[in-house]
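All remarks here apply to the structure that follows.
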Number of protein chains: 2
Amino acid sequence: MHPNERRNVILEQLNKKEKIDIDALAAELNVSAMTIRRDLNYLEEQEQIIRTLGGAILNKPLVMESSFQTKEGKHAAEKRLIARRAVELVQEHFTILLDSGTTTLEIAKLLNQKRNLTVVTNDIKIAAELMDSEVKVILTGGEMQNNIGALFGPLTEQTLRNLHVDLFFLGAHAVHLQVGVTAPTFEKASIKKLMVESAQATWLVADSSKLDQKALAKVCDLEALSGVISDSGIKAYHPRELPELLEVVTAEEEA
Amino acid sequence: MHPNERRNVILEQLNKKEKIDIDALAAELNVSAMTIRRDLNYLEEQEQIIRTLGGAILNKPLVMESSFQTKEGKHAAEKRLIARRAVELVQEHFTILLDSGTTTLEIAKLLNQKRNLTVVTNDIKIAAELMDSEVKVILTGGEMQNNIGALFGPLTEQTLRNLHVDLFFLGAHAVHLQVGVTAPTFEKASIKKLMVESAQATWLVADSSKLDQKALAKVCDLEALSGVISDSGIKAYHPRELPELLEVVTAEEEA
DNA sequence: CTTATTTATGTTAATTGTCAACAAAAATAC
DNA sequence: GTATTTTTGTTGACAATTAACATAAATAAG
């Protein structure tokens with residue numbers, strides 16, 4: 001019997017019994033009490049259980065607000081402002097492509113109430129967010145990146161190649177005047193590049209912490225973008241130097 | 001300082017600190033460890049805290065288990081039993097295809113501690129469940145069915161056609177001796193059919209309420225299955241009449 | 001297929017936490 | 001003021017935990 005199997009048995013028992021006893025489990029599973037103890041310590045590290053004297057109980061997680069536990073990350077307020085500005089670009093009957101990421105997730109939350117809209121995404125958190133809405137959602141498919149919920153790989157790329165959308169909201173890790181938009185891995189860059197190519201218009205959504213940064217893999221030049229939406233930090237940057245064709249929108253707090 | 005005062009101090013600390021330590025408290029409150037222990041035992045009797053080794057944590061009220069609000073549906077206990085029996089078929093390095101549905105979601109929950117496993121699915125709840133695990137997850141892609149989180153449509157079908165897996169767990173709406181496995185829409189049936197075709201082995205997982213039922217669209221004959229896992233209700237059905245090639249496993253409560 | 005390496009498990013002894021029993025102290029009742 | 005109850009501290013027996021090491025099993029490497 002594998003350790004994982006054994007741990008599953010323990011969890012199963014806890015679903016019925018509220019509390020389990022180490023010695024009883026050891027006898028039942030024909031292993032030493034020490035092994036059970038190690039299992040319990042492992043499960044406690046995973047925050048699945050809580051150790052008690054001679055046993056353990058289930059660790060009931062706290063209630064979460066959204067489908068996913070959305071711990072308020074860095075620049076959350078900025079992202080919300082950007083998202084609010086972004087949805088103004090969305091018209092009825094549009095097909096919209098949403099990159100994976102927290103900024104685009106904020107956009108998804110605002111699209112929640114729209115109708116006659118199709119959203120394509122490679123982010124399962126975005127899909128989950130729109131699950132109970134009237135928006136039509138298409139997931140690209142692909143291999144899921146753990147802890148993030150973004151889909152990557154050949155399957156994703158193949159889907160994107162057969163796609164055309166009206167509007168693409170591109171999230172970025174790094175944007176730079178000369179270098180353009182870049183991503184930390186070739187895999188991500190490749191996906192984003194395909195997304196740009198399959199969209200009629202691409203708007204970059206990025207809070208100011210991403211500006212003036214460079215990363216490994218090139219996604220596209222700034223010229224490929226229809227516009228940029230960022231928070232007021234972009235002012236401290238140099239909006240005048242951005243190519244003229246580029247409409248730069250600065251999201252700001254409303255009065 | 002009154003005993004009740006002291007106990008309130010303990011509870012206050014627990015609201016901030018998640019876990020408290022007996023010796024530290026004893027020193028801080030200038031009482032013996034034994035006194036703190038008695039306080040903690042008292043508070044545990046009141047179901048306000050839970051004792052751990054050398055300390056205590058707050059007793060949180062009951063909440064949900066999974067990323068999604070999984071209101072305990074019909075036949076939940078049966079589904080869990082079936083799931084437990086099903087994962088016994090899973091070997092390391094397997095690639096497993098999971099149909100969308102609540103029974104297969106239960107299977108996913110049990111898989112989430114396994115390693116060296118690849119899971120393919122068209123259900124975003126299953127994907128979400130496995131997001132924080134070490135299991136490699138591949139989503140088929142496709143159009144998301146609202147309120148359920150299952151992916152359908154041509155995109156899904158195309159992905160399935162280019163796929164081969166070791167083991168497929170098929171969830172069913174209706175199973176019948178003569179008619180075989182059926183689904184309520186052609187769209188769903190089409191997906192399930194493709195899944196059966198792309199798998200080395202197909203095991204049907206269905207609680208007994210699904211047995212002896214017919215629906216509109218045919219998925220496959222019983223002969224196409226490698227086996228069936230159901231709860232004990234299947235006994236009231238007619239296991240002897242099932243085709244001989246079919247191994248029927250009945251999941252039952254352990255002694 | 002064999003060997004090396006990692007991982008999992010068992011055993012022990014030292015440490016730490018727990019409990020029960022009793023005694024002392026404090027609070028309360030009469 | 002004394003009696004009674006409640007609370008607290010102390011002690012020793014016992015149980016659980018941990019760390020450290022040894023062994024076995026599984027996996028990877030050659």
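All values below were derived from every heavy atom in this structure, side-chain atoms included, with hydrogens, water molecules and symmetry-related copies excluded. Not measured: the values here are computed from a predicted model. Throughout, protein chains are lettered first and strands after them, A, B, ... in sequence-line order, and every chain is numbered starting at 1.
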Between [atom2] on [N] and [atom1] on [X], what's the gap in Å once rounded to a whole number?
X: B/Arg37; N: D/dT10; atom1: CZ; atom2: C1'; value: 12 Å
X: A/Ile36; N: D/dT18; atom1: CD1; atom2: C1'; value: 17 Å
X: A/Ile22; N: D/dA16; atom1: CD1; atom2: C1'; value: 8 Å
X: B/Glu44; N: C/dT18; atom1: CD; atom2: P; value: 11 Å
X: A/Asn30; N: D/dA25; atom1: CG; atom2: P; value: 14 Å
X: B/Arg38; N: D/dT6; atom1: CZ; atom2: P; value: 14 Å
X: B/Ile20; N: C/dG17; atom1: CD1; atom2: P; value: 13 Å
X: A/Met34; N: D/dA19; atom1: CE; atom2: P; value: 8 Å

Any donor-acceptor N/O pair, B/Lys125 side chain to B/Ser100 backbone, under 3.5 Å: no
Heavy-atom check, side chain of B/Ile126 versus side chain of B/Leu139, under 4.5 Å: no
B/Lys136 atom NZ, neighbour heavy-atom count above 12 within 6.0 Å: no
Residue from B/Thr121, B/Leu117, B/Val165 passing side chain to side chain contact (heavy atoms under 4.5 Å, CB included) with B/Ile96: B/Leu117
Spacing of A/Glu157 atom CD and A/Leu151 atom CG [to the nearest 0.5 Å]: 12.5 Å
Does a side-chain N or O from [X] land closer than 4.0 Å to OP1 or OP2 of [N], or not?
X: A/Thr35; N: C/dA8; answer: no
X: A/Arg51; N: D/dA16; answer: no
X: A/Ser32; N: C/dT9; answer: no
X: B/Asn41; N: C/dC19; answer: yes

Nearest to side-chain heavy atoms of A/Arg6, which nucleotide of C/dT9, C/dT18, D/dT10: C/dT9
A/Leu53 side chain, from C-beta outward: closest of D/dA19, D/dG9, C/dT18: C/dT18
Touch class at under 4.0 angstrom, heavy-atom based, for A/Asp39 against every strand present: nothing
